[in-house]
Amino acid sequence: MGRYFGTTPIFYVNDAPHVGHAYNALSVDAVCRWHRLLGDEVRFLTGTDEHGLKVMRSAQEAGRSPIEHADHNSGRFRDAWAEMNLANDDFIRTTEPRHHAAVQAMLQRAYDNGHIYQATYSGWYCVGCEAYYAEDDLIDDHACPIHKRPVEHMVEDNWFFRLSAFQKQLEDWFAATPGNVTPDGFRNEALGILRQGLEDVSISRSSIDWGISVPWDPDHVFYVWYDALINYATAVGYGTDQEQFDTWWPSVHHFVGKDILRFHTIYWPAMLMAADVEHLPTVHVHGFLLLGGEKMSKTGNVTKVAPSDLIADFGVDGFRHAVLRDHPFGPDSEFSYEALLSRYNVDLANNYGNLVSRVATVVAKKCNGIGPAPDPGSPLAAVVATAFAETAAAWERTQPSVALEATWRIIRQTNEYLQEREPWKMDAGPDVDAVMGDALEALRIATVLAWPSIPETAELAWKRIGMPGTVAEQRLPAAAQWGLYPGGVTVETGDPLFPRLKLT
RNA sequence: GGCGCCGUAGCUCAGUUGGUGAGAGCGCUCGACUCAUAAUCGAGAGGUCGACAGUUCAAAUCUGUCCGGCGCUACCA
């Protein structure tokens, strides 16, 4: 029994929820659900990032105040995640008072420790963009690449975080903690960044006021990135509830896309060090979903694909399972409507759903609709034991696709087993009972293991096979023990759990 | 330029610390079955593991070079 605190990044409110976000959030949800099955105390956090110039500007365009705009757009994420059946325990918004308090507390601490200093920032500033550009990014003769207008050389006082001072400590952390960043490929990238040497970073802006003010210098607000990272700490009580923070922080796991690896594996740990926070996070990095396939390539970009459109076609669980099963956590992978459809039909309609149907029918015909108890010596028992071990190991390594593959082997093997025994040809009696009891037991266990990806349908199947209670309240590894299917319970037939779908 | 990732069957991908004749799913071909959502089961075809060289008794798995695809290099998962 342990504790697991899983986080998504907070999503920038200007974005509309898309499959890229969904993939990230679903991965956290599934891993957290796995930990819930293990009986761990779990906290799953997600939320929205709402400060910064871009939000301010798009609020203006929409004719709203920044907070009205943030309220509205944050709601889109909240709704999308509810529709995806994410079981998040909290939804944080960076505009909340608790977050302001935490940010100010953490950075004040870093300031008091001497890790933040004032310096002059100078650079090429585009008035149109209200942003600085590096010399290399400019076009023609010092012109903004977007507005094609000359930029101005500006000088501004800024607060800087002494990131460079943490080079050694970060190196030590990596050396002492082999699993701090996974998978290894991304850990190497983080090490590469470290090897190149760290420079101090500017963490405040005086040009805008839509942000969290610097406690010792109210004319400045913290730059959006540095306020954003702190959300993870805010949510478990940093600055407001030390006991809660101490309880959860040691078991924090961040799930992030590879584009923000630098912030989560270098900057953020350094900020924590600067504020004397003892425990550092574990970071799980994944790649991008690349848009492939006929139907969706028209939309051009994965950021244009809304989860709700796919849920409309495949159902929540269909979407959840296909996304989790098809995309190895780590590398970039192809995302296509065709692949989604294929995964849905194969795993859910043909294998899982159809197995539930055929078992229920045979039980109805040969066992009077009463599910018999399994055979303790069934050959399926060993199959299940192996599959469970592999499933558990894969979830532990944060590899949902591998875990689900292992779980589905139980389903495939049960189909094979039925085919081999042909209970539908037998006369009613002990022989049929033994076979069907085994099938029901395999189904029972597979249903528990599949719950992280198909939570809603798993509950339906659970009831179909006559199990009391819910899947959600099952506890592993006990629930994966062969032989717990009670027997003597009513098995119901019904409409297909996952109707087979055709390309439209 | 610097750092890093990737290139394994038609497709999408697995392949721990190098070691029985290289795998899965999908797709395809043939066959079986007909309880089930035209679902299921079996058999089969299909790969010089990007190229070249090297280390080794032994490499998809280590080293080097090259070719090809890509990411990061201060703010979109």
Side-chain angles (χ1 to χ4, degrees), chain A residues 8-12 14-15 17-27 49 52-54 131-132 134 136 163 183 185-196 199 201-203 223-226 228 255-263 266-267 285-290 292-293 301-303 325-328 330-336 338-339 342-343 345-366 393 397 399 401-402 405 408-409 412 414-420 422-426 432 436 439 493 495-501:
Chain A
T8 73
I10 42 175
F11 303 106
Y12 206 59
N14 266 17
D15 297 334
H18 57 69
V19 273
H21 300 125
Y23 171 52
N24 169 277
L26 227 33
S27 299
D49 184 7
L53 184 63
K54 286 192 214 163
Y132 285 94
D136 292 347
L163 179 64
F186 287 118
R187 190 175 130 90
N188 287 338
E189 292 210 18
L191 282 167
I193 292 170
L194 259 185
R195 218 174 294 123
Q196 289 180 45
E199 288 178 22
V201 289
S202 157
I203 63 167
Y223 182 46
V224 59
W225 252 107
Y226 300 93
F255 288 63
V256 302
K258 63 180 184 179
D259 53 327
I260 50 176
L261 174 148
R262 169 187 220 99
F263 291 97
I266 307 289
Y267 294 9
V285 186
H286 65 256
F288 294 161
L289 262 30
L290 308 175
N301 189 306
V302 73
T303 61
R325 170 62 185 85
D326 259 350
H327 305 288
D332 291 352
S333 62
E334 293 286 342
F335 182 86
S336 76
E338 292 77 4
S342 168
R343 180 58 64 189
N345 278 332
V346 172
D347 277 10
L348 300 178
N350 298 354
N351 287 323
Y352 184 77
N354 184 52
L355 177 61
V356 172
S357 295
R358 66 194 304 209
V359 166
T361 303
V362 176
V363 169
K365 290 183 178 172
K366 302 284 181 179
R397 295 196 310 268
Q399 299 187 323
S401 67
V402 179
E405 180 187 29
W408 249 255
R409 278 211 293 280
R412 291 175 185 282
T414 304
N415 272 321
E416 282 178 35
Y417 180 71
L418 288 177
Q419 200 68 30
E420 195 181 292
E422 302 185 308
W424 46 87
K425 285 185 175 173
M426 302 173 176
V432 177
M436 297 321 291
T493 54
D495 292 337
L497 258 17
F498 294 102
R500 195 176 161 80
L501 297 174

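Quick caveat, the model's predicted, so the values are computed rather than measured. Below, read A as the first sequence line, B as the second, and so on, with proteins coming before strands; counting in each chain starts at 1.
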Going by distance alone, is a donor N or O of one side chain under 3.5 Å from an acceptor N or O of the other, for A:Arg358 and A:Asn415?
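Judged by distance alone, the side chains do pair up.
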Review item, nucleotides 12-17 of chain B N/O atoms under 3.5 Å of protein N/O:
from: B:rC13; atom 1: OP1; to: A:Glu334; atom 2: N; distance (Å): 3.2

So [X], base contact, sugar-phosphate only, or nothing? Heavy-atom distance under 4.0 Å.
X: A:Val201; value: base
X: A:Ala349; value: base
X: A:Pro499; value: base

Give a yes/no on whether any side-chain N or O of A:Lys425 is located under 4.0 angstrom from OP1 or OP2 of B:rC35.
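For B:rC35, neither OP1 nor OP2 has a side-chain N or O of A:Lys425 closer than 4.0 Å.
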Can you tell me if A:Asn351 touches the phosphate of B:rA39, counting only side-chain N or O atoms and a distance under 4.0 Å to OP1 or OP2?
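For B:rA39, neither OP1 nor OP2 has a side-chain N or O of A:Asn351 closer than 4.0 Å.
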CD of A:Glu422 versus P of B:rA32: gap in Å, rounded?
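Rounded to whole Å, this separation is 14 Å.
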All N/O contacts under 3.5 Å from nucleotides 1-6 of chain B to the protein, with atom names and distances to one decimal?
from: B:rG4; atom 1: OP1; to: A:Arg195; atom 2: NH1; distance (Å): 3.4
from: B:rG4; atom 1: O2'; to: A:Glu189; atom 2: OE2; distance (Å): 3.1

If you assign each of A:Leu355 and A:Glu420 to its closest nucleotide in RNA chain B, which residue comes earlier from the 5' end?
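Between the two, 5'-proximity favours A:Leu355.
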Report yes or no: is the cationic atom of A:Lys258 (NZ for Lys, CZ for Arg) closer than 6.0 Å to the six-membered ring centre of A:Phe288, at no more than 45° off its axis?
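Positive - A:Lys258 is close enough to the ring of A:Phe288 and near enough to its axis.
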For RNA chain B, please output the secondary structure as dot-bracket, reading 5' to 3'. Pairs are Watson-Crick or G-U wobble, both atom distances under 3.5 Å; mark crossing pairs with [ ], other-strand partners with |, unpaired with a dot.
(((((((..((((.....[...)))).(((((.......))))).....(((((..]....))))))))))))....
